[in-house]
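As a basis for the values below, the full set of heavy atoms in this structure was taken, side chains included, without hydrogen atoms, waters or symmetry mates. Note on naming: letters A, B, ... go to the chains in the order of the sequence lines (proteins, then strands), and numbering restarts at 1 for each one. All values reported here derive from a predicted model rather than from experimental measurement.
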Amino acid sequence: QLSERLERMMKFLRGEVKVTDKNMAEALKMMRLAFLEADVNYKVVRDFEARIKEKALGEEVLRSLSPAQQVIKIVRDELAGILGGQQKPLLFSSRPPSVIMLVGLQGSGKTTTCGKLARWVAGIGKSPLLVSFDLKRPAAQEQLKTIATSLGFPFYEMTSARMASPKEALKELLVHTANRGFDPLIVDTAGRLHVDDELMEELRLVRAILDPTEVVYVGDAMTGQDAVRSAQAFEEKIGLTSVILTKLDGDARGGAALSIVAVTGRPIKFIGVGEKPDKFEVFHPERMASRILG
Amino acid sequence: LFQSGKRREEILDGLEEALILADVGVAASGRVLEALRTKTRKDAGEADLERALKDELAAMLSRRADGRPDGSGPTVILMVGVNGGGKTTSAAKLAARFKRDGKRVMLAAADTFRAAAQEQLALWGKKLGVPVVKGSYGADPAAVVFDAIQSFKAQQGDVLVVDTAGRIHTNTNLMNELEKVKRIVVREHPGARLESLLVLDATIGQNAIPQAREFLKFSGLTGIFLTKVDGTAKGGAVVAIAEELDLPIRFIGVGEGEDDLFEFSPREFVEALLS
Ligand SMILES: Nc1nc2c(ncn2[C@@H]2O[C@H](COP(=O)(O)OP(=O)(O)OP(=O)(O)O)[C@@H](O)[C@H]2O)c(=O)[nH]1
Ligand SMILES: Nc1nc2c(ncn2[C@@H]2O[C@H](COP(=O)(O)OP(=O)(O)OP(=O)(O)O)[C@@H](O)[C@H]2O)c(=O)[nH]1
Ligand SMILES: [Mg+2]
Ligand SMILES: [Mg+2]
C-alpha cells in the first residue's frame with residue numbers, strides 16, 4: 001500500500017523537518033510504483049508526479065506533519081481533486097426530451113448501464129424511453145428490450161429497415177419520444193474500436209442528429225494502460241460529456257479512472273458495481289482516490 | 001566506457017517503459033529486465049538488447065506451446081472469464097473453426113443468467129449451422145451442461161464448446177457455480193479431453209493476474225484466449241500470467257466475426273508488444 005510504503009520511508013526520513021528535493025524523489029518513486037500497479041497510465045503518472053512535486057516543495061510544507069505524511073496528504077488531495085474536480089449531476093435539457101447516449105468499447109457494459117440509468121432517472125421522477133442502435137451484435141436489441149421490460153420501461157424497436165434511412169429513422173424516434181412525453185431518451189450504441197474510422201464516423205453522425213445533452217463514455221474499471229488511448233479518441237472524434245466506470249465490484253484498483261479523467265477532462269458521474277440494475281452508484285472521488293492508492 | 005554504461009542504462013530504461021506501457025506490469029517488467037541485464041554483454045547495442053528482450057519474452061510465452069486443442073475428439077472446451085471479455089463470441093469462433101476442420105461440433109449455452117445470453121449464442125449456432133443446447137432462463141447452468149453432455153455423447157460429437165456466464169472472480173458463489181459446472185463435465189464425460197480457456201480482454205491491466213489465479217483455482221485452466229487484440233491494447237498482462245501460472249495462450253481474437261481467430265504465435269505477439 002502506498003501509505004504503508006511512505007510510512008516505512010518515514011523512519012528513514014525521521015528527523016528531517018521539511019520536504020527536500022532528495023527525500024521528495026524517493027516519495028515520488030514510491031507513488032509512481034503504486035499508481036502503475038493500480039493501472040494508471042504511465043504518462044498520466046509522470047504528469048501527476050510533476051504537480052505533486054510542485055505542491056510539496058511549496059508553501060504548504062511548513063506544517064506539523066512529517067514530510068512523508070505531507071506527501072501522502074498532498075497526493076490524496078490532488079488525486080481526489082482531479083477525479084472530482086468537474087463534478088456535475090446528470091445533465092438534462094431545458095427543452096425536453098433530453099437524449100443520453102452511451103458509447104464505448106466492446107463489452108464495457110453499455111447495454112446493462114442503460115437499464116441502470118433508466119432506473120436511476122425514474123427514481124428522480126423522469127420517464128425514460130430506451131432504444132438501441134446496435135443492429136450488429138446478435139440479440140443486442142433483445143438484450144436491451146429484456147432489460148427494459150423487466151424494469152417496466154418502454155422500449156423502442158430500431159430495425160434495420162428503419163435504419164436503412166438513418167436520418168429519417170432518428171428524426172422519427174425523436175418525434176415519437178416527444179409526442180409520448182418520454183424524457184430522457186436513453187440511447188444504447190454498439191461497442192466499437194476507437195481505431196475503426198468508419199464506425200467512429202457513424203457514431204459522430206448519429207450524435208449530430210440526436211444532439212444529446214449527455215454523451216457518456218462507458219469504460220471498464222479494469223482497463224490498463226490503453227484507457228487513455230480509447231477515451232481520448234472518443235473525446236476527440238465524438239465529443240463526450242461524462243463517464244461511467246463499470247465493474248467496480250471487482251478488485252481492480254481502477255487507475256483507469258484517473259487516466260480517463262486526466263486525458264478527457266470529463267467527470268465520472270456514476271459507477272457500476274454489479275450486474276443487477278440497482279448496482280449503480282453516484283461517483284465518489286475520495287473513495288476512488290483511496291481505492292487507487294490501495 | 002562511462003558513456004557506453006550510461007547509454008546501456010538508458011536503453012534498458014526505455015525497454016522497461018515500453019513493457020509497462022504494454023501492460024506487462026511494473027514487477028514483471030523489472031524481472032524481465034533483470035534477466036536481460038544478466039544475459040546480455042555489457043557492450044551490447046540497442047538492436048542487440050531489443051532482440052534479446054524479444055527472445056526472452058518469446059521464450060516465456062512458448063512454454064507448453066504444443067498441446068493446443070485441435071478438435072480430435074471428444075473434447076469439451078469450457079469458456080470462462082469475467083464479464084464482457086468475449087466468451088460468447090469466442091465460443092462461436094471456436095465452433096466455426098472446428099466445424100471448418102470437419103469436426104462434429106456442438107455449443108452449450110450455459111449462461112442462464114444474463115439477458116438474452118442464450119439467444120445470442122443460439123443466433124451464432126444458427127448462423128454457423130452448429131446445434132446449440134439451451135436451458136430455461138434462470139435455470140442451473142450445471143443442468144444445461146448436463147443436458148449438453150448427454151446430447152454430445154449420444155451424437156458422438158468431437159467438440160463441445162460450453163459458454164458460461166461472465167463472473168467477477170472475487171464472487172465466491174459464482175466461482176463455486178463454475179467449479180460445479182466443471183465437475184459435471186468430468187463426471188459425465190470422463191473420457192473427454194477437458195480444455196478450460198480463460199477468455200481475457202487485451203485491454204485489461206494488472207487485474208488480469210488475480211483473475212487468472214482465481215479461475216485457475218476454481219475451474220482449472222488449460223489456456224488463455226486473448227480477445228480484442230485488433231484494438232490498440234497490447235495485452236502484456238499475459239506475460240506475468242505465463243511467468244507465474246505457466247498458462248499458455250491458445251488463441252487470439254482479432255475482431256467480432258466468426259473467422260476473426262488466430263492460433264497464438266509467441267514471436268508475432270512479442271513483436272506487436274514492443275512495436
Ligand atoms: N460485475 C459487473 N458486471 C457488469 C457491470 N456492468 C456490466 N456488467 C456485465 O458486463 C457484461 C457486458 O455488459 P454489456 O452491457 O453487454 O456490455 P456492452 O458494452 O453493451 O457490450 P457491447 O454492446 O458488446 O459493446 C455483461 O455480463 C454485464 O452483465 C458491473 O458494474 N459489474
Ligand atoms: N473488436 C473485438 N471485439 C470482440 C472480440 N471478441 C469479442 N468482441 C466483442 O466484445 C463484446 C462482448 O463479447 P461477448 O462475446 O458478448 O462477451 P462475453 O464474455 O460473452 O460477455 P458476458 O457473457 O456478458 O460476460 C461483443 O461486442 C463482441 O462482438 C475481438 O476479438 N475483437
Ligand atoms: Mg451492448
Ligand atoms: Mg457471454
Side-chain angles (χ1 to χ4, degrees), chain A residues 32-43 45 105-112 115 136-150 190-196 219-227 229-230 233 246-247 249-256 259 272 274-275, chain B residues 17-18 20-27 29-30 82-89 92 113-127 137 165-171 174 201-208 210-211 214 227-228 230-237 253 255-257:
Chain A
R32 185 187 322 149
L33 198 65
F35 272 31
L36 288 175
E37 285 173 350
D39 287 324
V40 180
N41 178 269
Y42 192 84
K43 300 196 172 62
V45 174
L105 299 177
Q106 290 91 345
S108 64
K110 299 173 291 299
T111 306
T112 309
K136 183 176 57 166
R137 170 173 156 153
Q141 293 285 317
E142 192 161 351
Q143 184 185 1
L144 187 61
K145 182 173 186 183
T146 302
I147 290 171
T149 309
S150 67
R192 68 202 64 217
L193 293 178
H194 51 294
V195 289
D196 188 326
D220 194 323
M222 3 175 172
T223 311
Q225 295 292 310
D226 200 57
R229 251 185 303 238
S230 38
T246 63
K247 307 178 201 171
D249 44 316
D251 58 358
R253 294 266 289 278
S259 303
E275 296 192 71
Chain B
E17 180 175 325
I20 292 172
L21 283 170
D23 280 319
V24 174
V26 178
S29 302
V82 302
N83 307 76
K87 296 175 293 299
T88 305
T89 310
F113 170 75
R114 207 209 67 208
Q118 298 194 74
E119 287 77 355
Q120 183 186 2
L121 193 67
L123 282 168
W124 274 115
K126 189 149 165 261
K127 179 171 194 222
Y137 184 64
R167 68 202 67 224
I168 295 291
H169 55 288
T170 50
N171 184 321
L174 293 184
D201 187 328
T203 64
I204 300 180
Q206 295 311 294
N207 199 240
Q211 287 177 26
E214 289 309 301
T227 63
K228 309 180 197 173
D230 46 320
T232 51
K234 306 284 177 141
E256 305 192 64

Self-check item: Any B:Lys228 side-chain heavy atom under 4.5 Å of A:Leu105 side chain
Solution: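 In short, these two side chains do not touch, never coming nearer than 4.5 Å.
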Exercise. Please check if the side chain of B:Asn207 supplies one atom and the backbone of A:Met222 the other of a donor-acceptor pair under 3.5 Å.
Key: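 No; judged by distance alone, with no hydrogens or angles, the pair does not exist.
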Quiz item: Counting distance only, does the side-chain N/O of B:Asp23 pair as donor-acceptor with the main-chain N or O of A:Gln225 below 3.5 Å?
Solution: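 Yes: the side chain of B:Asp23 pairs with the backbone of A:Gln225.
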Quiz item: Atom OG in A:Ser108, atom CG in B:Asp201: separation rounded to 0.5 Å?
Solution: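 Result: 9.5 Å between the selected atoms.
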Quiz item: How many angstroms lie between CZ in A:Arg229 and OG1 in B:Thr203, if you round to the nearest 0.5 Å?
Solution: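 Answer for the CZ-OG1 pair, A:Arg229 versus B:Thr203, is 11.0 Å.
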Quiz item: Could B:Arg114 and A:Glu275 be called an ion pair, given the rule that one side-chain N must be under 4.0 Å from one carboxylate O?
Solution: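 Judged by the 4.0 Å cut-off on N to carboxylate O distance, B:Arg114 and A:Glu275 do not form a salt bridge.
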Self-check item: A:Gln143 and B:Gln120 side chains, donor-acceptor separation under 3.5 Å
Solution: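 Absent: no donor and acceptor within the cut-off.
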Quiz item: For A:Asp226 and B:Lys234, what are the C-alpha separation, side-chain angles and deciding distance, and is it a side-chain contact (heavy atoms from CB on, under 4.5 Å)?
Solution: CA-CA 8 Å; A:Asp226 200 57; B:Lys234 306 284 177 141; over 6 Å; no
Taking all non-hydrogen atoms of both residues, which atom of [X] and which atom of [Y] are closest, and how far apart?
{"X": "A:Ala139", "Y": "B:Leu123", "value": "N-CD1, 3.4 Å"}
{"X": "B:Ile168", "Y": "A:Gly250", "value": "CG2-CA, 3.5 Å"}
{"X": "A:Ile147", "Y": "B:Ala115", "value": "CG1-CB, 4.0 Å"}

Taking every heavy-atom pair that is under 4.5 Å apart, which of [options] has the most such pairs with chain B?
{"options": "A:Asp39, A:Leu193, A:Asp196, A:Asn41", "answer": "A:Asp39"}
{"options": "A:Thr111, A:Thr246, A:Asp249", "answer": "A:Asp249"}
{"options": "A:Arg137, A:Lys136, A:His194, A:Arg32", "answer": "A:Arg137"}

Need one label for [X]: side chain, backbone, both or neither, based on atoms under 4.5 Å from any heavy atom in chain A.
{"X": "B:Thr232", "answer": "both"}
{"X": "B:Gln206", "answer": "both"}
{"X": "B:Asp230", "answer": "both"}

Practice problem: Evaluate the criterion side-chain contact (heavy atoms from CB on, under 4.5 Å) for residue pair A:Thr223 and B:Ile204; output intermediate values, then yes/no. | Solution: CA-CA 4 Å; A:Thr223 311; B:Ile204 300 180; over 6 Å; no
